[in-house]
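Worksheet for the structure shown next.
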Amino acid sequence: MLDLQFICENRELIEANCRNRGVAVDVAAIVALRDRRSELIQQEDGLRHEQKEASSLIPKTKDAAEKQRLIARGKELREQISRAEADRKQAEDELRALQATVPNLSHPDAPIGGEDASRTIRTWGEPKSFDFKPLDHVELAAKHDLIDFEAGARVAGSGFYFLKNEAALLELALVQYAAHKAIAKGFVLHTTPDVARDEVLHGIGFSPRGPEAQTYSIADSELSLVATAEITLGGSLKDEVLDVAKLPIRMAGISHCFRTEAGAAGRATRGIYRVHQFTKVELFAFAAPNLESSNALHADIVALEEEIFQGLSIPYRVIDTATGDLGGPAYRKFDLEAWMPGRGEYGEVTSASNCTDYQARRLGIRCKSPDRKGTEFVHTLNGTAVAVTRALIAILENYQQADGSIVLPEALRGWIGKDRIG
RNA sequence: GGAGAGAUGGCUGAGUGGCCGAAAGCGCCGGAUUGCUAAUCCGGUCUAGUGCGUUAAGCGCUAGCGGGGGUUCGAAUCCCCCUCUCUCCGCCA
């Protein structure tokens, strides 16, 4: 969510940014509602002031008739106030709903346009050329009994799976590997709840309920299964006021991720590329509220993601995501796309966003600086250390051999206890 | 799951209907004093909304005592619901 005053004072900027992001927002309606809200607040505050005065006179008043008159006046004011309050609340609800539709500002260097406009800013490693026809991860998994899709479907439906044998060990190894990489860079490792309050999901930018919900909600509760530990890590400091000297705060979180993938039918559904549940190590950071700090931290997060994939010797490219594809909260987003021989193309394996103060404002996460009055909303950033299913695809497909066996990345062997599958 | 006790400012902790945004202490900031340090003394020290002010300093008003509702002219204080914490019992990986 953006600051209301900022929106109203920078209409052209906001409108242009919404156009770049392909989002339709009625800024004029926001301004009008803001003005209406101000009027209602003034009216309400005036009534309250009068009421306070009247009631403070009552205990001092000796004259019985005068006292009765003041009490009657107080009653009258109470009713007026409750009406004024209802009006104000309604205007505020409408305003907040509209305000929430305004996406974050965009980094001036982010490419403008839809998904096609996204720019490759660098590539690492060469897509491996095989002197045989490479199999995709589904075929490889079948060959080595690594993934049971049928069992997943039987137990939980399409989109769920069981990892078996070395694949299960690979999940543990990848989590260990990524967690240690993150720890080495100062991220404090957490395991987090796999559920969160809808309010927290909303603060991070997910729609937990309703037709466009991307998450599973738990019946008869205000809880949803988390789609990423970004939700729980970001929510962990909800409504807190932090000391700016303690920033940045770096966290890593291991969680399961649950996604309904509503509307994704038919898109890359083969195998474990797009599933309803996977395990992920997520990076999250709270930065001081200025772009110098958060942009620098953003670069650090991307560098760590790259280090993780370089350590696995998997070729990848880094994408500077176009404005139209940023989603609401991100100011700028870099994705790592790993080479996936089975698909014959790059596939997204990580995503790192600088959300500036957009999430923090809705979550109420602020910081206090000694040299200025009041508080400011912190900047938040998130990135993927490793998303197990996507990384697994890249490993199985890149490390396959002519004889059908799969060599394991050196970095993971210690945790798996062997150097190849098959 | 059952029984009980709690939730007040950065912290500790008073306050059980109006004079309370809230005593006191601690902490923190500024100043005084002081060979240095310590100690002592004085002053200051929450957040948000809103209005005036030049998008300033600042001043005013309103709100906030876990959250939400209610009673009342008036609620930190009384009532109801919820959440969370602690203690005991039960259950359990």
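In what follows, chains carry the letters A, B, and so on, assigned in the order in which the sequence lines appear, proteins first and then strands, with residues in each chain numbered from 1. In this text the structure is predicted, and so the values were computed from the model without any measurement.
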Does A/Ser38 put a side-chain nitrogen or oxygen below 4.0 Å from OP1 or OP2 of B/rG51? yes
Please measure how far the C1' atom in B/rA14 lies from the corresponding atom in B/rC65, and state the result in whole Å. 13 Å
Protein-nucleotides 61-63 of chain B N/O pairs closer than 3.5 Å?
unit_1, atom_1, unit_2, atom_2, d
B/rC61, O3', A/His49, ND1, 2.8
B/rU62, OP1, A/His49, ND1, 2.7
B/rU62, O2', A/Asp45, OD1, 3.0
B/rA63, OP2, A/Lys52, NZ, 3.1

Taking only the side-chain nitrogens and oxygens of A/Gln42, find out if one of them lies under 4.0 Å from OP1 or OP2 of B/rG51. yes
Would a line drawn from the ring center of A/Phe160 to the ring center of A/Phe162 be shorter than 6.0 Å? no
If the cut-off is 4.0 Å, is A/Arg73 near the phosphate of B/rC73, judged by side-chain N/O to OP1 or OP2? no
Separation between the C1' atoms of B/rG53 and B/rG60, rounded to whole Å: 11 Å
C1'-based separation of B/rG2 from B/rG18 [nearest Å]: 41 Å
Expressed as a whole number of Å, how far does the C1' atom of B/rC73 sit from that of B/rC59? 30 Å
Is there a side-chain contact between A/Pro329 and A/Ile204 in this structure, where contact means two heavy atoms from C-beta onward sitting under 4.5 Å apart? no
So the stems of RNA chain B, runs of at least three Watson-Crick or G-U pairs (under 3.5 Å), are B:1-7 with B:83-89, B:10-12 with B:24-26, B:27-32 with B:40-45, B:46-52 with B:58-64, B:66-70 with B:78-82
Nearest-angstrom distance from the residue atom CZ of A/Arg96 to C1' of B/rG49: 12 Å
Run through A/Lys246, A/Met251, A/His379 and flag the one making a side chain to side chain contact (heavy atoms under 4.5 Å, CB included) with A/Phe286. A/Met251
Between A/Arg343 and A/Tyr273, is NZ or CZ placed under 6.0 angstrom from the six-membered ring centre and within 45° of the ring axis? yes
Take atom CG of A/Asp239 and atom P of B/rG9, then tell me their distance rounded to the nearest Å. 14 Å
Taking the P atom of each, how far is B/rG67 from B/rU8, in whole Å? 10 Å
When A/Leu170 is tested against each of A/Leu163, A/Asn165, A/Leu408 for side chain to side chain contact (heavy atoms under 4.5 Å, CB included), which residue passes? A/Leu408
Among the candidates B/rG51, B/rG49, B/rG18, find the nucleotide nearest to the side-chain atoms of A/Arg37. B/rG49
Please figure out whether A/Lys89 or A/Ile71 has its closest RNA chain B nucleotide nearer the 5' end. A/Lys89
For the student: nearest non-hydrogen atoms of A/Tyr331 and A/Pro108, plus distance: OH-CD, 3.5 Å
When the distance from NZ of A/Lys368 to P of B/rC29 is rounded to whole Å, what number comes out? 14 Å
Nucleotide B/rC19, atom P - distance to CG of A/Leu57 in whole Å: 13 Å
For atom CD of A/Glu240 and atom P of B/rG66, their distance in whole Å: 16 Å
Nearest-angstrom distance, C1' atom, B/rG74 to B/rG1: 42 Å
Taking for each residue the nucleotide of RNA chain B with the nearest heavy atom, is it A/Glu376 or A/Lys75 whose nucleotide lies nearer the 5' end? A/Glu376
From the set B/rU47, B/rG49, B/rU72, return the single nucleotide nearest to any side-chain atom of A/Ile41. B/rG49
Name all pairs fulfilling the side-chain hydrogen bond (donor to acceptor under 3.5 Å, both in side chains) condition that reach into residues 26-39 of chain A, sequence neighbours left out, sorted by first residue then second. A/Arg37-A/Glu92
Value in whole Å for how far the P atom of B/rG51 lies from CD of A/Gln43: 14 Å
I want to check something: taking the side chain as every heavy atom from C-beta on, are A/Leu297 and A/Asp300 in contact at a cut-off of under 4.5 Å? yes
Among B/rA48, B/rU50, B/rC46, find the nucleotide with the atom closest to the side chain of A/Arg366. B/rA48
Kindly check if the number of other-residue, nucleotide or ligand heavy atoms within 6.0 Å of CD (A/Glu199) is above 12? no
With a non-hydrogen cut-off below 4.0 angstrom, is A/Arg34 in contact with a base, only sugar-phosphate, or nothing? nothing
Round to the nearest Å and state the distance from A/Ile81 atom CD1 to B/rG74 atom P. 8 Å
Candidate list A/Ile406, A/Ile147, A/Ile393, A/Leu146, test side chain to side chain contact (heavy atoms under 4.5 Å, CB included), partner A/Leu140, passing option: A/Ile406
With rounding to the closest Å, how many angstrom separate the C1' atoms on B/rA56 and B/rC36? 42 Å
Say we look at B/rC82 and B/rA22: how far apart would their P atoms be, to the nearest angstrom? 33 Å
Taking CG from A/Asp35 and C1' from B/rG49, how many angstroms apart are they, rounded to a whole number? 16 Å
Stepwise, does the side-chain hydrogen bond (donor to acceptor under 3.5 Å, both in side chains) test hold for A/Glu230 with A/Gln359? CA-CA 11 Å; A/Glu230 175 192 354; A/Gln359 293 176 325; 2.8 Å; yes
Is the shortest distance from a Lys or Arg side-chain nitrogen in A/Arg21 or A/Asp325 to a carboxylate oxygen in the other one below 4.0 Å? no
Closest approach to the side chain of A/Ile58, judged atom by atom: which nucleotide of B/rC73, B/rG18, B/rU50 is it? B/rC73
Just compare B/rG18, B/rU50, B/rU83 and give me whichever is closest to any side-chain atom of A/Arg197. B/rU83
If the cut-off is 4.0 Å, is A/Ser56 near the phosphate of B/rC19, judged by side-chain N/O to OP1 or OP2? no
